[in-house]
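Okay, structure first, notes after.
By convention here, the first residue in the shown sequence is residue 1.
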Amino acid sequence: TGVRLRRQQVERSINEYTLRFLVNFFAFVVVSCFLAGAVVLLGTFYEAFTAPVIGPTTAASLPVGVDECVLEKTVTQLEFLDYNTWTNFTEHCCCMPRPTRADVPLTELWACDNGLYKERQRRAPDADRITPVRNFCATKFLKKGKYGPKATDTVPVYDAKKERYGVQYEGE
């Protein structure tokens, strides 16, 4: 009976040790999984925050408090990235459609040699028909011609009153 009692004490001690080990091991696994999930989530936010995609230029995207003397340069940087003009921009960037949902405007995504991407919104989601100034992903702007729109060598110019780039047409 003494041996049996001693054996029961040893078995109980082994069972308690095994149970403590399993509880601690699974607690460690749960904490590790939680921390790994948090790191993945933070990495996703960091990637989105540091993505080299420049959104469409709007009045809201212009920096506040920029002096008039550098405003044109700032808008040029937002519109053409590091390429100064539409011609240089289209020589160093290629266009592709941006995957969209039904409630998102039709958007071009321009991938550039310098590693940056520029989004250009082409149409609001509720606009069925628009008069295009430029065909989707085209590098040439259109002008009304006698036999329909035709491509021209017109390029966007900076309009200081509107604080943005636009295509100007004479007589229209």
Side-chain angles (χ1 to χ4, degrees), residues 33-172:
C33 289
F34 177 75
L35 290 175
V39 168
V40 167
L41 188 63
L42 286 174
T44 303
F45 285 128
Y46 178 77
E47 181 183 20
F49 183 73
T50 60
V53 176
I54 311 300
T57 305
T58 62
S61 67
L62 293 176
V64 179
V66 175
D67 289 330
E68 290 291 323
C69 59
V70 294
L71 185 59
E72 182 176 353
K73 184 177 181 178
T74 303
V75 173
T76 302
Q77 175 67 25
L78 285 171
E79 281 292 333
F80 307 125
L81 307 178
D82 291 329
Y83 298 111
N84 302 355
T85 65
W86 175 255
T87 306
N88 286 342
F89 177 79
T90 57
E91 287 174 1
H92 294 279
C93 303
C94 68
C95 182
M96 63 192 97
R98 179 84 162 167
T100 59
R101 300 183 318 263
D103 61 334
V104 177
L106 184 61
T107 304
E108 300 171 337
L109 181 64
W110 291 78
C112 299
D113 294 341
N114 61 5
L116 297 176
Y117 296 84
K118 174 67 178 169
E119 287 182 325
R120 295 192 182 283
Q121 182 176 317
R122 293 309 307 272
R123 180 176 63 199
D126 56 352
D128 291 334
R129 294 182 45 86
I130 59 168
T131 303
V133 174
R134 177 174 57 81
N135 288 329
F136 192 79
C137 283
T139 59
K140 299 276 186 181
F141 289 87
L142 302 175
K143 186 175 183 178
K144 260 192 246 180
K146 186 176 181 181
Y147 302 106
K150 63 179 183 176
T152 65
D153 290 328
T154 304
V155 294
V157 292
Y158 182 72
D159 184 342
K161 289 180 185 175
K162 295 181 181 177
E163 298 179 346
R164 63 182 307 161
Y165 276 86
V167 177
Q168 296 178 349
Y169 295 106
E170 288 113 30
E172 294 182 16

> Can you list the steps and then say if L81 with F89 is a side chain to side chain contact (heavy atoms under 4.5 Å, CB included)?
Replying inline: CA-CA 8 Å; L81 307 178; F89 177 79; 4.1 Å; yes

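Taking SG of C93 as the start and CZ of R120 as the end, the distance is 8.5 Å to the nearest 0.5 Å. Summarising the geometry, atom CD belonging to E108 is positioned 11.0 Å from atom CE belonging to M96; distances are rounded to the nearest 0.5 Å. Taking NZ from K140 and OG1 from T90, the interatomic distance works out to 8.0 Å, rounded to the nearest 0.5 Å. The distance from atom CG of N84 to atom NZ of K73, rounded to the nearest 0.5 Å, is 9.0 Å.
The ring-ring contact (aromatic ring centres under 6.0 Å, His included) test with W110 is passed by exactly one of F136, Y117, W86: W86. When D82, D113, T87 are each tested for a side chain to side chain donor-acceptor pair (under 3.5 Å) with H92, only one passes: D113.
Looking at K118, its side chain does come within 3.5 Å of a backbone N or O of L78 through a donor-acceptor pair.
Of all non-hydrogen atoms in N114 and Y83, the two that sit nearest each other are N-OH, 3.2 Å. In terms of heavy atoms, P97 sits closest to C137 at N-SG, 4.4 Å.
Considering only residues two or more places apart in sequence or on other chains, Y165 meets the side-chain hydrogen bond (donor to acceptor under 3.5 Å, both in side chains) condition with T76.
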